[in-house]
Number of protein chains: 2
Amino acid sequence: MPDRKRITLKDIAKELGISVSTASRALNSYAGISDETVKMVKEFAEKHNYVPNTMAVNFRKNKTMTIGMVVPELVHYFFSSVISGAIKEAKKHHYSILVSQTDELVKNEIMACRTMLSSSVDGLLISISNETGNTDHLQEFLDEGRPVVQFDKVSDQLSSPKVIVDDFQGAYSAVQHLIEQGYRKIAHINGLQHVKNSQERLRGYSIALGDHEMEGSSAWVVHCQEISEAEGFDFAKQLMTSSNQPDAIFCITDLVAMGAMKYLKQAKISIPKEVGVIGFSNWDMANFVSPGLSSVNQHAYQMGEKAVELLVEAIKNNEVGKDQIFETKTSLVVRESTQRLG
Amino acid sequence: MPDRKRITLKDIAKELGISVSTASRALNSYAGISDETVKMVKEFAEKHNYVPNTMAVNFRKNKTMTIGMVVPELVHYFFSSVISGAIKEAKKHHYSILVSQTDELVKNEIMACRTMLSSSVDGLLISISNETGNTDHLQEFLDEGRPVVQFDKVSDQLSSPKVIVDDFQGAYSAVQHLIEQGYRKIAHINGLQHVKNSQERLRGYSIALGDHEMEGSSAWVVHCQEISEAEGFDFAKQLMTSSNQPDAIFCITDLVAMGAMKYLKQAKISIPKEVGVIGFSNWDMANFVSPGLSSVNQHAYQMGEKAVELLVEAIKNNEVGKDQIFETKTSLVVRESTQRLG
DNA sequence: TTGAAAGCGATACCAT
DNA sequence: ATGGTATCGCTTTCAA
């Protein structure tokens, strides 16, 4: 084994004929050390390629400079973007990010949190799984004084800062856009009824319809279980073959919209002429399908940055962070799938 | 601050009237401790919710049970899949994964590696950036006896296990498939000439043409700089407006293929009837465009698993790992963009 | 089968 | 301005 030994503070002290404490202070630029000594120590350290032993420092300071991040799925445009933003912001504050995923299973989520807790992350970023009800596994962090910041899928049960998408506003503007484009019978493929994001998007949809005195119909609102492409396909079919066909579909997710578009294309229903389709998330994919899929951009990257910012602040202040909600505004990305006019 | 203190070994020892060492040994099921003592200690620990201080353990054992993972880009179907596989396999061996990204900049890569090194990861998984030439920043790990496993984009300069895609075979089978579908004038939009993956795919393309005694033309091979959709579009245009038009295009990447298809559709050139298009990577996106894009699947998830497996093995054996190449086979995914027959 | 004690490397308090 | 030393929590010889 080529285990080239690193030199330690003790080595430096011995070589330079000073004490370990002086060496430590010199390297960390403490007040009350002569410039001469500082210079000498730093030069020696540099020359001998001294690297402090992080494990010892962590141990001593009871900090790891590591943030845990738990997401339902990693192979996902939205979440990988959030992680990407989080990593960037974390780097700015000299934190590293430990990533784990739960596959939307609460059992895995609990395990992941336990691992994070025992690997002594300084704080936790989490987007809970669809299954998650009880949040005891998160409370454990707070009990130990380690802050948690929730993002995207959050639980009100846990008192912590939360970074979420303004789902209401996003849905509202999507539907308003459809109305402006002349669509009059707007359906909505929604998600799981108990998930907050779904509820908010549904609310945005309903209020937008109401505000514009549009026709509504309970038959035009359907709920996915899996939020899958297949469901998008099936529900689009169901809607379009019903007695009261809509002329536009607002989908809970781009993936669902993909499925809906697939059905419409297959049924030779023209998009956007006969039926408009709009999604939510603004996946990279939305650019590549034809017609291009209009969508609601969630600014995932910025959410990641914001979440880390809040977490780091809490860590710095040695508190667990206020129970406060930060809503990030969405923005409409109009592509061909809803451009009926001009 | 609700800093509920964790109990330590010392607390246990004191309460139970035994020594710290005995407590430690009992908890870690050492030989030579009476069953009685073991039972007593374990019960007490359980009851008082004892959790060993990982930082202390790490420090003492000089291990962190953490693996560093550096990728060029995180928001990328291929890389997020590899990471996903890596996390899963790591969990199996009780390792956590620290993720960092370089945006294809060697400067960031060096920084990321330094951070990983100083946060004392037990080993490193890396896919180097396009810019990376010299690998001194990786050699540092080996010099400290910490194994490195390279994957996907690898450098021969560093002696380490490497998990790569069999680009040659993938390209060969893609081109062979085109030939079988009756295409006779096959062009190739390749990547950067100095990148190994590009070279191998080009080689697969050339050899496949040769083996089937197909027409070739230097004008049919072009090189991307960015591997972008725009380049795919432009090169497809260039190829299709040249004097000797190809009837199929093998693209270095699905993204490039997306661009090529966009041009073809815009130019009203029918896919797959007039021109066949095949990509490489098998992005999720390939499913959603129409026509569906045929592609070469790289089995990214398995690559992640394999890389971790090799790394953990090296760590366990306390060696840096052999300089050995593990090629993962690709598989052809045929969709509509190349189905000229049947 | 158990205990005492020596560290691991860095920090910070208390002297001087 | 500097040195000495206790300490963080755990593991691991060495003794008994």
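In what follows, every chain begins at residue 1, and chains take the letters A, B, ... in the order their sequences are listed. Computation of the quantities below employed the complete heavy-atom set of this structure, encompassing side-chain atoms and omitting hydrogens, waters and symmetry-equivalent molecules.
For residues 55-65 of chain A, the set of pairs meeting the side-chain hydrogen bond (donor to acceptor under 3.5 Å, both in side chains) definition, not counting sequence neighbours, comprises A:Thr64-A:Asp122. A ring-ring contact (aromatic ring centres under 6.0 Å, His included) check over residues 93-152 of chain B, counting only residues at least two apart or in different chains, returns nothing. For residues 73-85 of chain B, the side-chain hydrogen bond (donor to acceptor under 3.5 Å, both in side chains) pairs, not counting sequence neighbours, are A:Gln101-B:Ser84. Under the salt bridge (Lys or Arg N to Asp or Glu O under 4.0 Å) criterion, the residue pairs touching residues 18-39 of chain A are A:Lys39-A:Glu43, with sequence neighbours excluded. Sorted by first and then second residue, the ring-ring contact (aromatic ring centres under 6.0 Å, His included) pairs with a member in residues 13-66 of chain A read A:Phe44-A:His48, A:Phe59-B:Phe59; sequence neighbours excluded.
Regarding contacts with the backbone of C:dT1, every side-chain N or O of B:Thr37 stays at 4.0 angstrom or more from both OP1 and OP2. OP1 or OP2 of C:dG9 has not a single side-chain nitrogen or oxygen of A:Tyr50 nearer than 4.0 Å.
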Passes salt bridge (Lys or Arg N to Asp or Glu O under 4.0 Å), B:Lys107 versus B:Glu131? Steps please.
-> CA-CA 9 Å; B:Lys107 158 178 78 95; B:Glu131 282 190 355; over 6 Å; no

Run the side-chain hydrogen bond (donor to acceptor under 3.5 Å, both in side chains) check on A:Lys91 and B:Ser100 step by step: do they pass?
-> CA-CA 9 Å; A:Lys91 199 190 298 182; B:Ser100 194; 4.9 Å; no

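A:Lys92 meets the salt bridge (charged side-chain N to carboxylate O under 4.0 Å, His left out) test with A:Glu89; sequence neighbours excluded. When the salt bridge (charged side-chain N to carboxylate O under 4.0 Å, His left out) test is applied to A:Asp11, no partner is found at least two apart in sequence or on another chain.
Whole-Å rounding puts the A:Leu9 CG to C:dA12 C1' distance at 13 Å. Atom pair A:Lys10:NZ and D:dG4:P shows a separation of 13 Å (rounding to whole Å applied). The distance between atom CG of A:Asn62 and atom P of D:dG9, rounded to the nearest whole Å, is 8 Å. We find that NZ of A:Lys63 is positioned 18 Å from P of D:dC8, with the value rounded to whole Å. Here the C1' atom of nucleotide C:dG7 and the CE atom of A:Met55 are 15 Å apart, to the nearest Å. Taking atom CZ on B:Phe59 and atom P on C:dG7, their separation rounds to 13 Å, with Å as the unit. With rounding to whole Å, B:Asp11 atom CG is found 13 Å from D:dC8 atom C1'.
For DNA chain D, the residues of residues 12-22 of chain B within the heavy-atom distance limit of 4.0 Å (strictly under) are B:Val20, B:Ser21, sorted by number. Listed by residue number, the members of residues 26-33 of chain B with any heavy atom below 4.0 angstrom from DNA chain D are B:Asn28, B:Tyr30.
Each of B:Gln139, B:Lys322, B:Gln150, B:Gln324 was evaluated against B:Ser160; a single residue qualifies, B:Gln150, per the side chain to side chain donor-acceptor pair (under 3.5 Å) test.
Taking five base pairs at each end of the helix from C:dT1-D:dA16 to C:dT16-D:dA1 and finding the rotation axis that steps the C1' atoms of four pairs onto the next four gives two axes whose angle is 40°, to the nearest 10°.
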N/O donor-acceptor pairs under 3.5 Å from side chains in residues 301-314 of chain B, not counting sequence neighbours:
from: B:Glu305; atom 1: OE2; to: B:Lys88; atom 2: NZ; distance (Å): 3.2

What nitrogen or oxygen pairs link the protein and nucleotides 14-16 of chain C at under 3.5 Å?
none

